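Accompanying notes for the structure given below.
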Amino acid sequence: MSGGEMVHPVVQVLGSKMIPASQGSGERYRLLISDGIHLNSFAMLATQHNSKITSGELSENSIIKITNHIVSVVKNTGKGDKRIMVILEMEILKRGSEVGHRIGNPAPFTEGARDNTQQETAQHETPQPSSDVKPNGEFIRRITVESLQNLANYSRRSINDTTLNSPMNTTMTHPIISLSPYQNNWVIKARVTSKTAIRHWSNARSEGKLFSMDLVDESGEIRATAFKDQVDKFYDMIEEGKVYFISKCTLKMANKKFTTINNDYEMTFTNDTKVVPCMEDDTSIPSLKFNFVNLNLILDSQPGDMIDFIGICQSTADLVSLTSKTTNRELKKRDITLVDRSLASINLTLWGTQAEDFCGDGQPVIAVKGGKVSDFGGGRSVSLVSSSVLQLNPDIPEAHRLRGWYDCLTEDVKFNSLSTRGGETGSGGKWYTLGEATLLQLGCGDKADYFNCYATLMHVRTEKSVYKACPTPDCQKKVIDQNNGMYRCEKCNREFENFKYRLMLSANIGDYSGNQWVTLFQDAGEELLGIKADEVGKLQEESDSEYNEVFKKVTLMPYQFRLRAKMETFNDESRVKITVFTVKKPDYKERCTRLINEIKEMSGMGSCTS
DNA sequence: CCCCCCCC
């Protein structure tokens with residue numbers, strides 16, 4: 001921390017403090033580390049290691065070897081500069097529980113104190129009031145706005161005006177994580193992981209053209225956008241996958257609605273922006289960064305959310321041409337189905353040339369950064385947008401893990417389809433108890449809500465289970481008995497000598513949390529009763545006992561229901577009506593898998609089935 | 001300064 005080189009330092013971790021997530025950027029951990037003689041609380045853990053803290057792997061008293069780090073100088077106005085270490089890579093040599101205690105009697109390290117005076121100096125030093133560390137080493141759990149600001153302002157090395165004007169080189173660049181609107185003199189060395197096409201816009205305020213690119217380095221990632229003149233200047237020069245030195249852009253808050261890039265800010269090119277290709281491809285600069293979510297968790301996303309995910313392309317639909325109703329444009333799309341280890345499957349829509357060129361042969365691994373969630377049909381599906389990045393069989397650990405898992409799957413594995421449409425059979429959608437459905441006010445919104453539940457059929461009303469309907473094939477209208485052997489359909493405006501019976505059952509279903517009146521129309525009704533509507537009608541006419549037996553057989557039996565909840569208004573009175581779309585005997589194997597996954601999620605053990 | 005991203 002005096003500025004010298006240090007290869008793989010070994011330190012003890014004495015404490016950690018979470019810095020909460022803000023504006024969509026993830027939480028980070030600040031560590032209190034000790035070398036046995038000195039303490040330092042200005043160590044930040046790179047976010048990809050957060051799980052080591054949350055899992056308890058990196059607990060208090062752990063001994064770690066830091067195999068890759070950046071030390072950066074923070075401009076700390078009025079208090080002299082401070083050095084902050086970002087721990088990029090590390091190995092846990094001994095777990096905290098194995099060590100069990102603090103080694104030595106470390107004292108706070110004061111910036112500027114010389115190394116060889118360490119012990120004596122440390123003992124006589126009075127800690128600064130601003131220090132986060134007490135003499136006894138207690139880590140005061142205090143992270144201030146100021147310290148966050150400092151972190152945002154730190155630089156890998158101070159850059160003065162002279163160095164800015166000289167050719168940029170690797171030793172004087174800033175980590176992307178340090179960029180903020182409050183500091184202008186920075187140079188980053190970053191890889192362009194994706195670049196959009198040039199897009200033209202025109203609205204009430206202005207018109208023009210733009211393109212954007214995603215940039216990453218070992219500290220983080222950021223999106224940059226170039227407008228108008230900068231498009232002409234830089235579009236051809238900037239190539240996907242290449243590393244550049246970039247300086248003199250402005251920074252502003254990023255709108256999380258349009259990106260999954262893990263940064264509070266985004267960059268805009270200006271007239272002064274400099275972009276210089278880095279001649280040697282520096283492999284220390286990573287390529288695309290994903291923040292994958294398991295497919296089953298997409299159910300918890302809101303329509304319009306942007307997410308990263310990875311899955312096996314289980315099937316590929318044909319290319320479809322269609323005309324957009326809103327823009328009248330000719331569109332080409334292709335749907336593919338992805339599955340992952342959470343045993344969920346989801347529909348992904350590709351557009352344009354990407355749809356045309358896609359080939360799903362060999363069931364490749366598909367990784368997507370920034371796909372857009374949609375809720376068509378009450379389930380969830382994902383659609384690519386112009387800023388999305390799709391990778392086919394990417395060479396990343398998650399992809400290899402998925403491949404290995406999928407290739408070993410037995411054939412009888414069932415996936416829970418998140419993209420099942422409301423009216424279709426299948427298990428897509430959320431599972432709720434009846435109590436939860438009420439609490440969540442399902443069906444109280446503008447649109448219908450679909451959900452699944454396990455419940456017992458408590459009662460079916462035997463009165464009015466069937467009605468006499470118009471015999472015209474696609475007409476379901478109730479006919480009026482003319483009492484002369486003729487039946488009139490108002491909808492078809494015709495009289496018939498015959499009619500057909502249709503089911504409209506009113507039933508009460510219940511689970512431990514509550515009960516609910518539901519309606520079953522023709523198909524669901526026949527499915528439940530196991531006989532055709534015509535038969536039900538005949539039995540009603542002919543035999544009370546047989547007719548009643550039909551309902552008795554299904555009463556107090558367990559089922560799994562797919563339900564639709566929708567607000568309906570009748571005679572000025574609004575209420576939520578619940579309709580059964582499908583009813584099946586419970587699939588207990590599937591239910592157990594779901595319960596096990598829920599337990600794993602709730603206990604933080606991960607939701608993947610291994 | 002965009003932020004539209006389509007269809008059932």
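Lettering follows sequence order; numbering is per chain, from 1. This is a predicted model, so every value here is computed, not measured.
Remark: ring of A:Phe227 stacked against base of B:dC1; centroid gap under 5.5 Å, plane tilt under 30°. By the 5.5 Å and 30° criteria, A:Phe258 is not stacked with the base of B:dC2.
The side-chain contact (heavy atoms from CB on, under 4.5 Å) test with A:Thr193 is passed by exactly one of A:Ile261, A:Val389, A:Leu215, A:Asp214: A:Asp214.
Proximity of A:Thr349 to the phosphate of B:dC6: no side-chain N or O atom is located under 4.0 Å from OP1 or OP2. Phosphate proximity of B:dC6 to A:Lys332: absent, as no side-chain N or O sits under 4.0 Å from OP1 or OP2. Close to B:dC2, at under 4.0 Å from its OP1 or OP2, lies a side-chain N or O of A:Arg205. For A:Lys252 and B:dC1, the shortest distance from a side-chain N or O to OP1 or OP2 is below 4.0 Å. Close to B:dC2, at under 4.0 Å from its OP1 or OP2, lies no side-chain N or O of A:Arg223. One finds no side-chain N or O of A:Thr225 lying less than 4.0 angstrom from the OP1 or OP2 phosphate oxygen of B:dC2. Applying the 4.0 Å criterion to OP1 and OP2 of B:dC2, one finds that A:Ser206 has a side-chain N or O inside that range.
Base contact: A:Lys228 has a heavy atom under 4.0 Å from a base atom. Using a 4.0 Å heavy-atom distance criterion, A:Lys257 is classed as making no nucleic acid contact. Within the nucleic acid shown, A:Ser383 comes within 4.0 Å of sugar-phosphate atoms alone, with no base atom in reach, counting heavy atoms only. Using a 4.0 Å heavy-atom cutoff across all strands shown, A:Glu266 reaches at least one base atom of the nucleic acid.
When rounded to the nearest whole Å, the span between CG of A:Leu322 and P of B:dC7 equals 8 Å. As a whole-Å value, the separation of A:Lys372 NZ from B:dC5 P is 5 Å. Rounded to whole Å, atom P of B:dC4 lies 12 Å from atom CE of A:Met306. We find that CG of A:Leu210 is positioned 9 Å from C1' of B:dC1, with the value rounded to whole Å. Between the CD atom of A:Gln230 and the P atom of B:dC1 there is a distance of 14 Å, given to the nearest Å. The CH2 atom of A:Trp201 sits 17 Å away from the C1' atom of B:dC5 (whole-angstrom rounding). Separating the CG atom of A:Asn347 from the C1' atom of B:dC6 is a distance of 15 Å, rounded to the nearest angstrom. In this structure, the CD atom of A:Glu207 is 17 Å from the P atom of B:dC4, given to the nearest Å.
Annotation: A:Lys209, atom NZ; neighbour count of heavy atoms from other residues, nucleotides and ligands within 6.0 Å is above 12. More than 12 non-hydrogen atoms from other residues, nucleotides or ligands lie less than 6.0 angstrom from CD of A:Gln48.
Below the 3.5 angstrom threshold, one finds a donor paired with an acceptor across the side chain of A:Ser386 and the base of B:dC4.
A cation-pi geometry, defined here as NZ or CZ lying under 6.0 Å from the six-membered ring centre and within 45° of its normal, does not hold between A:Lys228 and A:Phe269.
A salt bridge links A:Lys369 to A:Glu221: one of the charged nitrogens lies within less than 4.0 Å of a carboxylate oxygen.
Side-chain contact between A:Ser206 and A:Trp201 is present, with at least one heavy-atom pair separated by less than 4.5 Å.
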